[in-house]
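What follows is one structure encoded as structure tokens, with my remarks underneath.
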Amino acid sequence: MTSLALKPALQPNQKLSPKSFNFEPHKSRLIHDLNVGRLSKAISTLDLMVHNGAHPDLPSYSLLLKSCIRSRNFELGKLVHAHLVNSKLDLDSLTLNSLISLYSKNGDWEKADSIFRSMGNKRNLVSWTSIVSCFANNDLGFEAIVAFLDMLENGFWPDEYCFAAVFRACLDTGDLSIGETIFGFVIKSGYFKADLCVGCSLIDMFAKGGGDLNSAYKVFDKMPEKNVVTWTLMITRFAQLGFAREAVDLFLDMVLSDLVPDQFTFSSVMSACAELELLSFGKQLHSQVIRRGLAFNHYVGCCLVDLYAKCAADGSMDESRKVFDHMTNHNVTSWTALITGYVRNGGRYHEAIKLFCEMISGHVRPNHFTFSSILKASASLSDLSTGKQVHSLAVKLGLASDNCVGNSLISMYAQSRQMEYSRKAFDNLFDKNLISYNTIVDAYVKSFESKEAFDLFHEIDDVEFGANAYTFSSLLSGAASIGAIGKGEQIHARTLKSGFDSNQCISNALVSMYSRCGNVEAAFQVFSEMVDRNIISWTSIITGFSKHGYAERALTMFYEMLESGIRPNEVTYTAVLSACSHAGLVSEGRKHFNTMYSKHGIVPRMEHYACMVDLLGRSGLLSKALEFINSMPFMADALIWRTFLGACRVHGNTELARHAASMILEQDPHNPAAFVLLANLHASMNQWEEVAKIRKRMKERDLTKEAGSSWIEVENKVYKFHVGDTSHPKASEIYNELDRLVLKIKELGYVPNTDFVLHDVEEEVKEQYLLQHSEKIAVAFGLINTTRSKPIRIFKNLRICGDCHTAIKYISMATGREIVVRDSNRFHHIRNGKCSCIDYW
DNA sequence: GTAGGGTTAG
């Protein structure tokens, strides 16, 4: 029979008479094919039946439609509709309702609406509910509410399905007041108690629509009957709205209530667990997932990848990779979860880029999250060429103006110091949000283009969202990094106006800004006025005093911090040890180094060892320092040897310096700092042949030392000078002032120290070289352009040169001005011929 | 025929 029936399908032109065509087996085969998802087979069977004049009856069509909807075979459903129209059957409510549902679920709300309109008095409660639901599911919340009100006017009393639909509609409009009115209505009607679904839609109306978890939880709590879906919904909303702790607690309550979590529940609770970085709890969840046979679910897998990645601080990044490798197939989400993990939590950028390439060659299309992560990886590696390739791929896929991708492009180009491209990415953004503004402001600030940063800052005032704490702290750190105290003060005023005066994050940024701009007293005042201080506040002020050479005040603050019950961290100890080192407090420093682990359980890191090497080395205990280096529990890195080399130079020990330099070059053969320090050392001993050899080696390896530059802020504008800079319009005026100053300070006893000149030339020429140092130019510029009432604040990217240090001390004497110099290492407060560093730096 | 929950994020 079956083989006979198949024949006509192969020969469509051959028509059998309706009588000879057996309708029943085809009908049952059609339904079977439908149920197992064989869409094309079902279509050909239907065609065959109709072709042979055997139209199914109305109940059969109805059944067909239901199957199509249940299996989401919308194409076949539409075909069935076409056949229905041809069959000229008089459609009943049931069939028409099915058609509304079909088109609604297929996203064609207009078609659904026209069927509903054509129904006339065939409309029943299900028809009304279907159309309300159709509008609500197709982002037409307002239309849905109107339909709901129409329904009431037409005398239909809503049931639980209908209430659930209208609450979803209220969620969509964002207008909860209508929803709340209807909610009152529901309570009166008694449906609330009866139905799980009404409860769920109410929870979501409050949680998703209004972000009001309190009301959502009240609904949840009062529901007399709850199932897995209800619990999961509540857990999910807690997790999504940033209440991870509550989500986890609710999950534990759920398990205690003997409900069995499913794949949805696990996905949500694992997200919350990832947020809280609860590795061991996460592992328990993982084993439960395996036990319940849910490990192969794609969503669950993604969540696990993300969970282990977010706990990567505890070394679980490889676990994340393992879960990923065990997954049977991968889509954008799982690839992105893993890539993001390598970038954000593991700092393993090369691996992330490699994965990205694998993903693309596997024809998986990256999305905006993928681009965002991979751009961050290229930025962190300062790998401009990869960044550009990724950019062009994003353009190709039409994602470059997406907010998330665009913001990452801004920071990628900024980190590669391509501000023009960075700005272009900003301008190309489709829709700029506060993060876009904050990113570009931060980028300008970090590239010393503070004017652009502040222009944009004013632009933020004109858009609907104002600056937030992030904007302010970014601008403050920008002002701090360039030492623009005037700008810093302006921002300080603005934060007060914007009501951020007790914001801990901003106060911390202010402490750091004032201190880094050279006014540690202002920093201390902000600190003193803070109501709520955290470890960052204390560490900032300790670092401030330390960098300014006030070792005792730094240590006093440290003891006060301990008394107030705040535990120090690694950064605090770096500040404490470097305070001791700047002031030459050898035994005090040793004491703190020894107690950091014994009293506070902090294992010393490389930078702490470096502080100790600095402390011992600078106070002349070179052999002790070397002994210390050799007794370290790990191999000394380039930083340690550079510190040691610096000490050797101060104390003129060529032999040990050579050893240190060779150690640096062993680990980092292209380190220009090692070459320069070595060259300086030989120059100061007049060993010019050695200097020449080193210069040659540097040239061969194409190494250039970072150019020395100094800058000064005058009337909110930063002026930057390089060595021998003549680019400033008033250059001749500046050099005249310098010549005048040198004559004056020579009278006071200044003798140029030509040891600091790295060229083998006549003494007189050497003096000329010294005069061209950027810090001297900046001081002269400052003397011409500032009033006596304020100190002159100079900033230098490298360490101050010894001759400049001496010269500036004499200049302070000759002019009666206070001069503050911030170099790459510390502050020098120079007044009346004396420096706060006591010539020890 | 009408109803509810999940992954990656600057």
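Put simply, CD1 on Ile100(A) and CH2 on Trp109(A) are 14.0 Å apart, with the number rounded to the nearest 0.5 Å.
Among the heavy atoms of the strands, none lies under 4.0 Å from Lys208(A). No engagement by Glu160(A) is indicated, since no non-hydrogen atom pair under 4.0 Å with the nucleic acid exists. At the heavy-atom level, Ser271(A) lies under 4.0 Å from the strands shown only through sugar-phosphate atoms. Within 4.0 Å (heavy atoms only), Lys226(A) reaches no atom of the nucleic acid at all. Within the nucleic acid shown, Asp262(A) comes within 4.0 Å of at least one base atom, counting heavy atoms only.
For the pair Arg168(A) CZ and dT2(B) P, the computed distance is 11 Å after rounding to whole Å. Distance CG (Asp113(A)) to C1' (dT2(B)): 16 Å, rounded to an integer number of Å. Residue Gln263(A) contributes atom CD, which lies 10 Å from atom C1' of dG5(B) at whole-angstrom precision. As rounded to whole Å, 15 Å separates atom C1' of dT2(B) from atom CG of Leu65(A). Between the CG atom of Asn433(A) and the C1' atom of dA9(B) there is a distance of 12 Å, given to the nearest Å. In this entry the distance linking CZ of Phe251(A) with C1' of dG6(B) reads 14 Å, nearest Å. Atom pair Phe116(A):CZ and dT2(B):P shows a separation of 15 Å (rounding to whole Å applied). Remark: C1' of dG4(B) and CG of Leu171(A) are 12 Å apart, rounded to the nearest angstrom.
Regarding contacts with the backbone of dG10(B), a side-chain N or O of Arg344(A) is found under 4.0 angstrom from either OP1 or OP2. A sub-4.0 Å separation between OP1 or OP2 of dT2(B) and a side-chain N or O of Ser101(A) is present. Distances shorter than 4.0 Å separate none of the side-chain N or O atoms of Lys376(A) from OP1 or OP2 on dT8(B).
Distance from the side chain of Leu196(A) is smallest for dG4(B) among the nucleotides dG4(B), dG5(B), dG10(B). With distances taken from any side-chain atom of Lys105(A) to the nucleotides dG10(B), dG5(B), dA3(B), the minimum falls on dA3(B).
For Asn227(A) and dG4(B), a side-chain-to-base donor-acceptor distance below 3.5 Å is present, hydrogens and geometry of angles not being considered.
A heavy atom lying under 4.0 Å from DNA chain B marks the following residues of residues 333-340 of chain A, by number: Thr333(A), Thr336(A), Thr340(A). Against DNA chain B, the stretch residues 289-309 of chain A makes heavy-atom approaches under 4.0 Å through Asn297(A), Tyr299(A), Val300(A), Cys302(A), Cys303(A), Asp306(A). Taking a 4.0 Å limit (strictly below) on heavy-atom distances, residues 228-248 of chain A reaches DNA chain B at Val228(A), Val229(A), Thr232(A), Leu233(A), Thr236(A), Arg237(A), Gln240(A). Scanning residues 123-135 of chain A for heavy-atom distances under 4.0 Å to DNA chain B yields Asn124(A), Val126(A), Thr129(A), Ser130(A), Ser133(A).
Using a 4.5 Å heavy-atom threshold, the side chains of Lys388(A) and Tyr421(A) count as touching.
Under 3.5 Å, the side chains of Ser101(A) and Ser130(A) contain no donor-acceptor pair of N or O atoms. A side-chain donor-acceptor contact under 3.5 Å links Gln240(A) and Arg237(A). For the residue pair Asn407(A) / Ser436(A), a side-chain donor-acceptor distance below 3.5 Å is found, with atom types taken as modelled. Remark: the Asn438(A) side chain and the Asp442(A) side chain contain no N/O donor-acceptor pair separated by less than 3.5 Å. Side chains of Thr230(A) and Asn227(A): a donor-acceptor N/O pair is present below 3.5 angstrom, by distance only.
Residue ring and base: Phe264(A) counts as stacked with dG5(B) (centre distance below 5.5 Å, interplanar angle below 30°).
Each side-chain hydrogen bond (donor to acceptor under 3.5 Å, both in side chains) pair with one or both residues in residues 263-273 of chain A, not counting sequence neighbours, appears once here: Thr232(A)-Thr265(A), Thr236(A)-Ser268(A), Asp262(A)-Thr265(A).
Between Asp172(A) and Arg168(A), no side-chain nitrogen of the basic residue sits less than 4.0 Å from a carboxylate oxygen of the acidic one, so the salt-bridge criterion is not met. Under the 4.0 Å criterion applied to side-chain N and carboxylate O atoms, Lys354(A) and Glu351(A) are not assigned as salt-bridge partners. Salt bridge absent: Asp318(A) and Lys322(A) never bring a charged side-chain N and a carboxylate O closer than 4.0 Å.
Both the sub-6.0 Å distance and the 45° axial angle are satisfied by Lys432(A) relative to the ring of Phe426(A). A cation-pi arrangement is absent between Lys105(A) and Phe74(A), since the terminal nitrogen or guanidinium carbon is not both under 6.0 Å from the aromatic centre and inside a 45° cone about the axis.
Looking at residues two or more places apart in sequence or on another chain, you find a salt bridge (charged side-chain N to carboxylate O under 4.0 Å, His left out) between Asp427(A) and Arg423(A).
When atom types are taken as modelled, the side chain of Lys122(A) and the backbone of Ser127(A) share no donor-acceptor pair closer than 3.5 angstrom.
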